[in-house]
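Following: one structure in structure tokens, then a few remarks.
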There are 2 protein chains.
Amino acid sequence: MPHPHHRGHRSRSRRRLGPGRWQVHARVERFVEPALLLILRDGSTHGYDLADSLAGLLPGERIDMGNLYRMLRALEAEGIVESEWRDDLPGRNRRTYRLTEQGRTLLDAWADALGEANETIAAFLGRYRDGRET
Amino acid sequence: MPHPHHRGHRSRSRRRLGPGRWQVHARVERFVEPALLLILRDGSTHGYDLADSLAGLLPGERIDMGNLYRMLRALEAEGIVESEWRDDLPGRNRRTYRLTEQGRTLLDAWADALGEANETIAAFLGRYRDGRET
DNA sequence: AATGGTATATGTGTTTCACATATATGTCAA
DNA sequence: TTGACATATATGTGAAACACATATACCATT
């Protein structure tokens, strides 16, 4: 039984590579949520299958199944998604999720917000490049 | 003396407005850091003044002075920025920051990462709109 | 001397998240 | 038929990022 001990404190967005070298990763907070909603808008599925679909929308991100299921249950408690146990399908039983009307509304709100975020980032990059070119 | 009690748990990225209505805010994690570095690349200043400049890069965000100063001190500990106390300037004493070589390298890494994030968001929005148009 | 703006901090609880672990079932091969 | 492995759905837990509150001190103006 190996000691967990003190696993070195790592930032989520920055990882040290060497003196003065950082591997940086820019993440949108809670981005799995809108990704989930978008996938469910295009057809209902179950949690485990959602992980595969998420990989396409989240390049370079590792999908955490634990947090994914937690999020699905939270979304259901809020009326964003609805689920149903299916035992008629091949393979073992699974819970199938679909988007509600409220979920659709929330997806639209996320799309607006992500559009704004994109403009904010674009403005940053514009100013960044302005300074480089001179 | 008012009780802090249980201040209702608020998400940073979602705020309830009514049943089925959410105010959504898409944020890039740790975005103040690259913003800070970009501002310092274009000229050194002190913390309090940085807050004003940050407002331009972070539309709709409230700048937290406490966390801002904490971040500046952390960046200095990592060699990303350097600071100097100035008592020769008008007004009260203040600590003036400037970007180091390492800081410049980190800024470049952030710019790369933010470019990727923008593409990820754009891909999301593309798929979102594809579904709407049909 | 009191008020208010400037300037730099620390304290602290919540949310988000990474990583570990638990549990049960279906499939396939030795 | 047992063992290994993939499928499928969860819970436990600690750390990082952050929002909000508070502290301190100086300067200018009334």
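Computed from a predicted model, the values in this text were never measured in an experiment.
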Identify, with sequence neighbours excluded, every residue that meets side-chain hydrogen bond (donor to acceptor under 3.5 Å, both in side chains) alongside B/Glu76. B/Ser83
Sort me out a list of protein N/O and nucleotides 23-25 of chain D N/O pairs below 3.5 Å, or just none if empty.
| unit_1 | atom_1 | unit_2 | atom_2 | d |
| --- | --- | --- | --- | --- |
| D/dA25 | N3 | B/Arg92 | NH1 | 3.0 |

Can you find a side chain N or O atom of B/Ser13 that sits less than 4.0 Å from OP1 or OP2 on C/dT15? no
For B/Leu54 versus B/Ala35, what's the shortest heavy-atom pair and its separation? CD2-CB, 3.5 Å
Contacts under 3.5 angstrom, residues 19-29 of chain A side chains, donor-acceptor by atom type, not counting sequence neighbours:
| unit_1 | atom_1 | unit_2 | atom_2 | d |
| --- | --- | --- | --- | --- |
| A/His25 | NE2 | A/Glu61 | OE2 | 3.4 |
| A/Glu29 | OE2 | B/Arg12 | NE | 2.8 |
| A/Glu29 | OE2 | B/Arg12 | NH2 | 3.4 |

Does anything in residues 58-82 of chain A come within less than 4.0 Å of DNA chain C? Heavy atoms only, and list the residues if so. A/Arg62, A/Asp64, A/Asn67, A/Arg70
List the residues meeting side-chain contact (heavy atoms from CB on, under 4.5 Å) with B/Glu82, not counting sequence neighbours, and say none if there are none. B/Arg98, B/Thr100
Stretch residues 14-39 of chain B: residues that reach within less than 4.0 Å of DNA chain D through a heavy atom: B/Arg27, B/Glu29, B/Arg30
With ring pair (Phe, Tyr, Trp, His ring centres under 6.0 Å) as the rule and sequence neighbours excluded, what pairs involving residues 30-75 of chain A come up? A/Phe31-B/Phe124
So, using side-chain contact (heavy atoms from CB on, under 4.5 Å) as the criterion, who are the partners of B/Asn67 when residues are at least two apart? B/Asp64, B/Arg70
So A/Leu72 and A/Arg95, do their side chains get closer than 4.5 Å, heavy atoms only? no
Is there side-chain contact between B/Glu33 and B/Leu36, with at least one heavy-atom pair below 4.5 Å? no
Give me the residues of residues 44-51 of chain A where at least one heavy atom lies under 4.0 Å from an atom of DNA chain D, by number, or none. A/His46, A/Gly47, A/Tyr48
For A/Thr45, enumerate each residue passing the side-chain contact (heavy atoms from CB on, under 4.5 Å) test, keeping only those at least two apart in sequence or located in another chain. A/Leu40, A/Asp49, A/Leu50
Less than 4.0 angstrom between a side-chain N/O of A/Arg94 and OP1 or OP2 of D/dA8, yes or no? yes
I want to check one thing: is the phosphate of D/dA17, taken as OP1 and OP2, less than 4.0 Å away from some side-chain N or O of A/Ser11? yes
Value rounded to 0.5 Å, distance of CD1 in A/Ile121 from CD in A/Glu119: 11.0 Å
So how far is it from A/Glu116 CD to A/Thr120 OG1, rounded to the nearest 0.5 Å? 7.0 Å
Those residues at least two apart in sequence (or on a different chain) that pass side-chain hydrogen bond (donor to acceptor under 3.5 Å, both in side chains) with B/Gln102 are none
Sequence neighbours excluded, which residues qualify as side-chain contact (heavy atoms from CB on, under 4.5 Å) partners of B/Ala51? B/Ile63, B/Met65, B/Leu68
